[in-house]
Amino acid sequence: MHRSKGNYLYSNGVCSVAILIAVNLFFLIASGFNVISTANTGIAVTPPQATAGRVDILSAIPSYTPGPNNTVDIITNEAILPGGSIPLNKPSVNQKEPPRVLIYHTHTAEAYLMDEEERKAVTTVNRTNNTAKSVCAAGVAFSNELLRLGVDTVHNTSNNEREGYNSSYTLSRNNVKSDIKKYGNFTAYFDVHRDAYIKGTDPTVTVNGKECAKIMIVLGKRSPYYEKNLALSEKIKERLDSYHPDLCIKILKVDATYNQDLDDNFILVEIGNNGVTVEEAQNAAGLFAKAVAEVLL
């Protein structure tokens, strides 16, 4: 996330500080900056973009941790504002409306290793409320790359485990329904998880010189949209296979629903497992986004 930089002189008076802040915000807004007040991160300032409103920030990870209330990142081709809220893009009369994707995390606290040092120390990790180490970090890389490629995205980082693991699918279902009510139906939906490490397996592959976590797509066969979900999944896997034949392990078909009865083009994706680092998961999430964009655009 970009923040404004600069050296400012403040007087000792509270009124002077308030006036200076108000004046600075006025000039930021007048200059084309998006200024959004957020409950968790304060004032987020995103500079205007020089090229088609694209933002190329693949390493941005929100620093806040999910609280008892929902936190929704609204991400469009104009800004990346974790915790912020701005409207989705509206195409001009002669412009094709871009596809819109919803990303969320039923098991929000699923954790990754932070780095190689942690991997040496503990081998695997389980759960965390730190979004910089959880599947939310993979979701940010996923949404940011979709953004860069021209796909409008809503990334819902609500803590769906706040009432316990067994209630997570009920809470995430309610959040998806709420987002649909607020924004309308999406082109596609992705519930981003991470898998469990299996001893003796290699959890990563090297793509373009970068270590990437392996990916698995999971579909609920009880969904009335199963065939449509499968068709989209197969197209995405075909693209992933073209990047590396071992990047996407498989499409796992389970006798379940996973909330995939809410709409079509609804997919659960496991990005890595608890034996990979955040960076490896984010590298894979970027490639998954690339595949999704190539299929949807």
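Since we're looking at a predicted model, the values are computed, not measured. The chain is numbered in sequence order, starting from 1.
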Are Tyr183 and Val154 packed together at the side-chain level, in the sense that at least one heavy-atom pair is separated by less than 4.5 angstrom?
yes
Taking Ser178 for its side chain and Asn174 for its backbone only, find out whether a donor-acceptor pair lies under 3.5 Å.
no
Checking Thr204 against Cys212 for the side chain to side chain contact (heavy atoms under 4.5 Å, CB included) test, could you report, in this order, the C-alpha distance in whole Å, the side-chain angles of both residues, the deciding distance, and whether it holds?
CA-CA 5 Å; Thr204 65; Cys212 301; 6.0 Å; no
All heavy atoms of Lys253 vs all of Leu230, minimum pair found to be CE-CD1, 3.9 Å
Is there a side-chain contact between Leu146 and Thr153, using heavy atoms and a 4.5 Å cut-off?
yes
Applying ring pair (Phe, Tyr, Trp, His ring centres under 6.0 Å) as the test, list every pair that has at least one member in residues 263-297; sequence neighbours left out.
Phe142-Phe288, Tyr189-Phe266, Phe190-Phe288
I'd like to know whether CG of Asp202 has more than 12 heavy-atom contacts from other residues, nucleotides or ligands below 6.0 angstrom.
yes
Check whether any side-chain heavy atom of Leu287 lies under 4.5 Å from a side-chain heavy atom of Val207, and answer yes or no.
yes
Flag the pair Val192 / Ile103 as yes when at least one side-chain heavy-atom distance between them is below 4.5 Å, and no otherwise.
yes
Is the shortest side-chain N to carboxylate O distance from Asp261 to Arg173 below 4.0 Å?
yes
Linked hydrophobic residues, Tyr169 as query - side chain contacts closer than 4.5 Å
Met216, Val218, Leu252, Val254, Tyr258, Leu268
Here the gap from Tyr165 atom OH to Asn160 atom CG, rounded to the nearest 0.5 Å, amounts to 12.0 Å
Is a donor on one side and an acceptor on the other found under 3.5 Å between the side chain of Thr277 and the backbone of Glu280?
yes
Verify whether the ring centers belonging to His155 and Tyr104 lie closer than 6.0 Å.
no
May I ask you to decide if Arg194's main-chain N or O and Asn273's side chain share a donor-acceptor pair within less than 3.5 Å?
no
Taking atom types as modelled and ignoring hydrogens, do the side chains of Glu211 and Thr206 form a donor-acceptor contact shorter than 3.5 angstrom?
yes
How close do Val278 and Ala137 get, counting heavy atoms only, and between which atoms?
CG1-CB, 4.0 Å
Closest approach of Val151 and Pro99, non-hydrogen atoms and distance?
CG1-O, 3.5 Å
Any side-chain donor paired with an acceptor under 3.5 Å for Asp191 and Ser172?
no
Please report the interatomic distance CG(Asn259) to CG(Leu171), rounded to the nearest 0.5 Å.
10.5 Å
Return yes if a side-chain donor-acceptor contact under 3.5 Å exists between Glu161 and Thr108, otherwise no.
no
Once side chain to side chain donor-acceptor pair (under 3.5 Å) is applied, do any residues pair with Glu163, and if so which ones, sequence neighbours excluded?
none
Using 0.5 Å steps for rounding, measure from the CG atom of Asn265 to the CG atom of Leu232.
4.5 Å
Give every residue pair that meets the salt bridge (Lys or Arg N to Asp or Glu O under 4.0 Å) criterion with at least one member in residues 288-297, sequence neighbours excluded.
Arg239-Glu294, Lys290-Glu294
Ring pair (Phe, Tyr, Trp, His ring centres under 6.0 Å) contacts touching residues 209-235 (sequence neighbours left out):
none
With salt bridge (Lys or Arg N to Asp or Glu O under 4.0 Å) as the rule and sequence neighbours excluded, what pairs involving residues 264-279 come up?
Lys228-Asp264
Given side chain to side chain contact (heavy atoms under 4.5 Å, CB included), test His193 with His105 step by step and report yes or no.
CA-CA 6 Å; His193 294 242; His105 310 276; over 6 Å; no
Does the pair Arg148/Glu145 count as a salt bridge with the N-to-O cut at 4.0 Å?
yes
Whether Arg100 side chain and Asn185 backbone form a donor-acceptor pair below 3.5 Å
yes
Shortest non-hydrogen contact from Ile271 to Ala284?
CG2-CB, 4.0 Å
State whether Asp246 and Lys214 are salt-bridged, where the test is any N-O pair (Lys NZ or Arg NE/NH1/NH2 against Asp/Glu carboxylate O) under 4.0 Å.
no
With rounding to the nearest 0.5 Å, note down the distance linking NZ in Lys182 to CG in Asp179.
7.5 Å
Using modelled atom types only, decide if a donor and an acceptor are shared between the side chain of Asn274 and the backbone of Tyr112 within a distance under 3.5 Å.
no
Determine the minimum heavy-atom distance between Ala141 and Ala285, stating which atoms define it.
CB-CB, 4.1 Å
State whether a side-chain donor-acceptor pair under 3.5 Å links Ser158 with Asn156.
yes
As an exercise, state the distance from NE2 of His107 to OG of Ser134, rounded to the nearest 0.5 Å.
13.0 Å
For the NZ atom of Lys133 and the CZ atom of Arg127, what is their distance to the nearest 0.5 Å?
13.5 Å
Over all atoms of both residues, closest heavy-atom pair of Leu247 and Ala213
CD1-O, 3.7 Å
